[in-house]
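Whatever order the structure lists them in is the order used to number ligands and atoms, beginning at 1. Every heavy atom of this structure was used, including side-chain atoms; hydrogens, water molecules and symmetry mates were not.
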Amino acid sequence: MLMIIVMNLGADEENILEVEEKVKEFGYSVHRSTGEKRTILGAIGLPREDVKELLEGIPSVEKVVLVSPPYMLVSREFKREKTVFKVGDVEIGGEKIVLIAGPCAVEGESYLQAAELVKNAGADILRGGAYKPRSSPYSFQGLEEEGLKIMVEARKLTGLPLITEVLDQHSIDTVAECADIIQVGARNMQNFKLLKELGQLNKPVLLKRGMSATIEEWLMAAEYLLLSGNERVILCERGIRTFETYTRNTLDISAVPIAKELSHLPVFVDPSHGTGKWKWVPSMCLAAIAAGADGLLVEVHPSPEEALCDGSQSLIPQRFAQMLEPLRGVAQSVGRTL
Ligand code: PEP
Ligand code: MN
């Protein structure tokens, strides 16, 4: 990873040697380039922003530029080929666009019927929340362990792999025992302790983009998982906060080609939280596939008007099934299958 250190116009030999020494202390190799007026140092080592900040505090240093991205393992620069892995029989990041669907929350035994409907409608992976991160403490918080048990039943019934969210470090083992993919929600994207622990688990992780996170912050969060040893990571765009109020969030479709260019990790899109309204979900699914998404995460509920969580953005199973035909057309036109 390359860092360029530009010395001040007035920097003398002693100043330059001081900076070279400092950089070497951090384990970088240094290459000096002496110009007529200015000296530039090229340093190769880890992409450390703290070192950049520290060097910029030295009076003889004009500025420091990180030429490589501040994330390394996640970057295309580090690994050219796309990351592809399997969850059960489902290939993630391959030619086929993966469909994750199901209710926002597990509300009881009715989840089993929802799971069957979602499977018959064409889903590859079943979603459901047992631990729900609700904005209000008065809202339904999820059935927790009871919900996980019902999800395991649903897997037996449908044969579909399960994805569910983990909210904190205490429930990692309980969730990991049941889930095939662990979801890190938008609100936890920068819970670095949680990410470090999840990195040590032998389980794929779907990392939602934080609602106010830049693409770089999102990729840095993924770097925590990879650095702790977990390479099976899915990035998921789920909309960001903007001044727009017509939608719940603003789905950042441009994040898809950008994240795919910067990173080798598979990129999914969640148009349900992205828009907050079921009727806009199908068009955002079309857009996501056209933009190069490797998968979709869609909330589907048999009776959204009775849902305890996110009913307004949940498709009924028939509508979910109906939208797949047009999605197939777009998938084909961008060289993918569905
Ligand atoms: C969810 O998937 O139900 C959820 C809470 O998502 P997010 O973290 O994106 O808000
Ligand atoms: Mn939800």
Ligand 1 to Asp270 polar contact by distance, N or O atoms, under 3.5 Å: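 By distance alone, the answer is no.
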Ionic contact status for [Y] with [X], cut-off 4.0 Å:
| X | Y | answer |
| --- | --- | --- |
| Arg209 | Glu217 | no |
| Glu153 | Lys156 | yes |
| Glu53 | Lys63 | no |
| Asp294 | Lys82 | yes |
| Arg76 | Glu261 | no |

Element-labelled atoms of ligand 1 that are located less than 4.0 Å from some non-hydrogen atom of [X]:
| X | answer |
| --- | --- |
| Lys132 | 1 (C), 3 (O), 5 (C) |
| Arg187 | 7 (P), 8 (O), 10 (O) |
| Cys104 | 3 (O) |
| Glu299 | 3 (O) |
| Arg238 | 7 (P), 9 (O), 10 (O) |
| Gly185 | 8 (O) |

Cluster link Ile258 to Leu207, ILVMFWY, side chain under 4.5 Å: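 Yes, Ile258 and Leu207 fall within the same hydrophobic cluster.
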Residue that, paired with Asp180, satisfies salt bridge (charged side-chain N to carboxylate O under 4.0 Å, His left out) out of Arg155, Lys86, Arg232, Lys203: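 Single pass found, and it is Arg155.
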Provide, to 0.1 Å, the distance between [atom] and the closest protein heavy atom, together with that atom's residue and name.
| atom | result |
| --- | --- |
| atom 7 (P) of ligand 1 | Lys208 NZ, 3.5 Å |
| atom 8 (O) of ligand 1 | Ala186 N, 2.7 Å |
| atom 4 (C) of ligand 1 | His273 NE2, 3.4 Å |

Give the atom name of whichever N/O/S atom in [X] sits closest to the Mn ion (ligand 2).
| X | value |
| --- | --- |
| His273 | NE2 |
| Glu299 | OE2 |
| Asp310 | OD2 |

Working for salt bridge (charged side-chain N to carboxylate O under 4.0 Å, His left out), residues Glu325 and Arg328: CA-CA 5 Å; Glu325 211 34 57; Arg328 227 163 251 133; 2.8 Å; yes
Taking the six-membered ring for Trp, are Tyr71 and Trp218 ring centroids under 6.0 Å apart?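 Not close enough - the centres of the two rings lie 6.0 Å or further apart.
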Regarding Thr174 and Glu145, do their side chains bring together a donor and an acceptor under 3.5 Å, going by distance alone?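 No pair is found: no donor N or O on one side chain lies under 3.5 Å from an acceptor on the other.
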Is Arg127 near ligand 1, meaning one of its heavy atoms is under 4.0 Å from it?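 The answer is yes, since Arg127 has a heavy atom less than 4.0 Å from ligand 1.
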Is Met211 close enough to touch ligand 1? Criterion: a residue heavy atom under 4.0 Å from a ligand atom.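 No, Met211 has no heavy atoms under 4.0 Å from ligand 1.
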